[in-house]
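First up is the structure itself, then whatever we jot down about it.
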2 protein chains.
Amino acid sequence: MTGIDDVAKLAGVSTATVSRALSGRGHVAPRTREKVAAAASQLGYVVNADASSLATGRTRNVGVVVPFLNRWFYTAVIEGAQRRLMQYGYDLTLYNLSGHDDERSSVFEHFLLRKRVDAVLAVSLELTEQEVDSLHALGRPLVGVGGPIPGVPTLSIDDVAVTKLATEHLLSLGHRVIGHIGGDVERELSFHLPTNRRHGYELALREAGIEPDPALYYPAVFTMESGYQAAKQLLGEPRIRPTALVAASDEMAIGAMLAARDMGLSVPGDLSVIGIDNHELAPFFGLSTVDQHPGLQGERAVELLMEALQPSGGADSVPAVDQPLPFDLIVRDSTARVPLQPAAVESAHG
Amino acid sequence: MTGIDDVAKLAGVSTATVSRALSGRGHVAPRTREKVAAAASQLGYVVNADASSLATGRTRNVGVVVPFLNRWFYTAVIEGAQRRLMQYGYDLTLYNLSGHDDERSSVFEHFLLRKRVDAVLAVSLELTEQEVDSLHALGRPLVGVGGPIPGVPTLSIDDVAVTKLATEHLLSLGHRVIGHIGGDVERELSFHLPTNRRHGYELALREAGIEPDPALYYPAVFTMESGYQAAKQLLGEPRIRPTALVAASDEMAIGAMLAARDMGLSVPGDLSVIGIDNHELAPFFGLSTVDQHPGLQGERAVELLMEALQPSGGADSVPAVDQPLPFDLIVRDSTARVPLQPAAVESAHG
DNA sequence: CAGTTGAGTGCAAGCGCTTGCAAACTGGGG
DNA sequence: CCCCAGTTTGCAAGCGCTTGCACTCAACTG
């Protein structure tokens, strides 16, 4: 295996010079640098990451922890993070907590502690104080994405503003009876997100002079199936049939669209539906939504970590998150002006 | 930061003994072992992975390379691989090739070469000879999942058998005019998979004494949208309307179901549809399918790699794949006996 | 009872790189 | 021509762990 000595020998310099020439640290004469670069590429030499880590104390690797993998949002965040990390020359080591409980503790009490990562990115995770502490004790910067972690800088869109925007879009189309399918506070991973999104929905209504009707809200988990069931409930209620629905996620929204269709309602003819996410399936279903650019969130998180890793910034001093994350209303075919008179619901299917 | 010396001091032994006690290599008296374990846990000591790697030459880390992340199959494989790796005490470093072309080359020519991984798992990737060689030159075992790589042990279900099974299910329900929506050989990542799946479909028909009709095949990429479009084409053909469809993936199959509905056909009343995968959305859509257990494929791949990493097995001698991968027919609500007489197609929607 | 064996432990030499320090060299000013 | 400052390079001491070798000691063997 070719090592730094081989390169040094071939280039006719010391290993110290090779190291400096290749890493760009310290002074090296331009001609020497070229010689070294030539020798390295001739030998196909790539620095041994472990040896380098041991010597410098920096691994050029960050750990990304996710609750599980099979959710569009997480993978989108990871893709974004990875993209940026690669540009910085960093590796991404993935920890997936979807297994048993002891998988989680083993990640935090063993895997993350063996100093293989310089920093940790937690996606949609509520960390315990203990977990945060153990990472900080190691001097490893930590940032979260998509869910507030107490005492940790967290990147997250303004969940209130996002649903408010979605709801306002419906209001602007003349809708006045607007239902909401939101995260179930009891059953979701993150407590704040569903609450905030519901809050944004209510806020928009109140600003339009409409008092939110609790009967128009139905809880669900963030899946298509759950959105389907929730919509069935909301639309089956004969007393007050909404003319529009805002769902806390696109997957729920798509479920709701399918439910409406199964009930003989046309979207957007009889019912407008809007989601949050801009999920990869949203274009296919023609779903209006609010894009929250998860890939961008991943990229931003990495940039934050990189700043924290600069020697200038203190060990666990991740710079505060200042600039707000962007989100954009995307209007497709699932939202339209309120119908002049509501359609009747056929007998529920299935 | 507590190191091995601290533990040694506290336990009153040498660092060599600590190392042996904690790693389980070499002889250590039971009482000594306990003392060391106690000291280590008291100090919260976790061995420094980099130092250990440098000394042993083994990183306890494997690289997983995927073409991109946002596909159910890949994440399912990764989850399985991760689960098993964690049990072995290994980390998983993820490389995602979804970016530019130079991202791919940078992964293979730089990231994977810096000796941070002991082995590489390639998911649904066709590696070039050069890429395979450079990994072998490093003595890193390599296995593939979900797509044959020349000269590399690859785990993959029997794609012919899988579609054959799906087609036979339809045949057993009395269907005789069965369409196929398959991967587009021109546009897919892997050349073999779509061809094999189509082959299985044709094989089943021939064995039932039916000559496959090319007009009943329509190419598509592995997405819902593409399945939708393909189904529209196949079902819109008035000359020969199939009573059943086998799609090369669940996502395509779901797209096909939606297309059928939009055309006024009921599933399975007028049209049976079956897919391949057992995608997470399959239960929701009531889709009959063939489960290919991707998580299990990831686990198996890891087991193979671990065997190859045993000092007994030669460096790049991954054991041959012997046992076939399991797959199972799952019958839900999208397949039924052939209708006595075909329904008429309403005017196509959209 | 001396000799052999093997378990249990410690010493110290690495693993492949980085970097503080100092030496060697360069060029410009006095 | 000498001196100084700045640049370029090499020496060698680590980084935190593992492991071959050597040593001690107790248990056996003949």
Side-chain angles (χ1 to χ4, degrees), chain A residues 1-37 39-40 43-61 89 91 110 113-118 138-139 311, chain B residues 1-37 39-40 43-61 89 91 110 113-118 138-139 311:
Chain A
M1 217 69 281
T2 69
I4 199 173
D5 313 86
D6 303 303
V7 180
K9 203 163 296 169
L10 183 59
V13 297
S14 72
T15 62
T17 300
V18 173
S19 173
R20 283 190 274 254
L22 260 31
S23 71
R25 274 180 294 267
H27 304 282
V28 178
R31 295 194 47 176
T32 314
R33 185 186 307 277
E34 283 168 28
K35 266 194 311 186
V36 172
L43 295 175
Y45 170 76
V46 175
V47 57
N48 180 317
D50 289 317
S52 176
S53 300
L54 185 57
T56 61
R58 306 185 63 227
T59 62
R60 305 198 133 250
N61 186 22
D91 284 318
H110 177 74
L113 300 188
R114 46 183 183 178
K115 301 180 189 68
R116 184 163 266 169
V117 299
D118 287 337
L138 281 177
Chain B
M1 217 69 284
T2 68
I4 199 172
D5 314 85
D6 303 303
V7 180
K9 203 163 296 170
L10 182 59
V13 297
S14 71
T15 61
T17 300
V18 173
S19 174
R20 282 190 274 253
L22 259 31
S23 71
R25 275 181 294 267
H27 305 282
V28 178
R31 295 195 46 177
T32 313
R33 184 186 308 277
E34 282 168 28
K35 265 193 312 187
V36 171
L43 295 174
Y45 171 76
V46 176
V47 57
N48 180 317
D50 289 317
S52 175
S53 300
L54 185 56
T56 60
R58 307 183 64 225
T59 62
R60 307 199 131 249
N61 185 24
D91 283 318
H110 177 74
L113 299 188
R114 46 182 182 179
K115 302 181 190 68
R116 184 161 266 169
V117 299
D118 287 336
L138 282 177

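We name chains A, B, ... by the order of the sequence lines, and we start the count at 1 in each one.
For A:Thr32 (side chain) and A:Val28 (main-chain N/O), no donor-acceptor pair under 3.5 Å exists by modelled atom type.
Atom NZ in B:Lys9 sits roughly 14 Å away from atom P in C:dG10 (whole-Å rounding). Rounded to an integer number of Å, the gap from CZ of A:Arg33 to C1' of D:dT7 is 13 Å. Following rounding to the nearest Å, A:Asp50 (CG) and D:dG16 (P) show an atom-to-atom distance of 15 Å. Regarding B:Leu54, its CG atom lies at a distance of 17 Å from the P atom of C:dA13, rounded to whole Å. Taking atom CG on B:Leu43 and atom C1' on D:dG16, their separation rounds to 15 Å, with Å as the unit. A straight line from NZ of A:Lys35 to C1' of D:dT8 spans 12 Å, rounded to a whole angstrom.
At least one side-chain heavy atom of A:Ile4 sits under 4.5 Å from a side-chain heavy atom of A:Tyr45. Looking at heavy atoms from C-beta onward, A:Leu22 lies out of side-chain contact with A:Val47 at the 4.5 angstrom threshold. Counting heavy atoms from C-beta on, the side chains of B:Asn61 and A:Arg116 come closer than 4.5 Å.
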Practice task
Might you work through the side-chain contact (heavy atoms from CB on, under 4.5 Å) test for A:Val7 and A:Thr2, ending with a clear yes or no?
Solution key: CA-CA 8 Å; A:Val7 180; A:Thr2 69; 5.8 Å; no

Exercise for the section: Take B:Thr59 and B:Asp118, measure what side-chain hydrogen bond (donor to acceptor under 3.5 Å, both in side chains) needs, and give me the verdict at the end. Expected result: CA-CA 6 Å; B:Thr59 62; B:Asp118 287 336; 3.0 Å; yes

Practice task
Verify side-chain contact (heavy atoms from CB on, under 4.5 Å) between B:His110 and B:Arg114, making sure each step is shown before the conclusion.
Solution key: CA-CA 6 Å; B:His110 177 74; B:Arg114 46 182 182 179; 4.1 Å; yes

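When heavy atoms are screened at a 4.0 angstrom cut-off, A:Thr32 is found touching the sugar-phosphate backbone but no base atom.
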All N/O pairs under 3.5 Å across the protein-nucleotides 4-6 of chain C interface:
none

At a cut-off of 3.5 Å, list every protein nitrogen or oxygen paired with a nitrogen or oxygen from nucleotides 17-20 of chain D, distance to 0.1 Å.
residue: D:dC17; atom: OP1; partner: B:Tyr45; partner atom: OH; Å: 2.7
residue: D:dC17; atom: OP2; partner: B:Ile4; partner atom: N; Å: 2.5
residue: D:dT18; atom: OP2; partner: B:Ser19; partner atom: OG; Å: 2.4
residue: D:dT18; atom: O5'; partner: B:Ser19; partner atom: OG; Å: 3.4
residue: D:dT19; atom: OP2; partner: B:Arg25; partner atom: NE; Å: 3.0

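Summarising the geometry, atom CZ belonging to A:Arg58 is positioned 12.5 Å from atom CG belonging to B:Asp50; distances are rounded to the nearest 0.5 Å. Put simply, NZ on B:Lys9 and OG1 on B:Thr15 are 11.0 Å apart, with the number rounded to the nearest 0.5 Å. Note that NZ of A:Lys115 and CG of A:Leu138 are 6.0 Å apart. Values are rounded to the nearest 0.5 Å.
Taking the charged nitrogens against the carboxylate oxygens, B:Asp91 and B:Arg60 have no contact shorter than 4.0 Å, which rules out a salt bridge.
Helix-axis bend for the helix from C:dC1-D:dG30 to C:dG30-D:dC1: the local axis fitted to the five terminal pairs at one end deviates from that at the other end by 50°, rounded to 10°.
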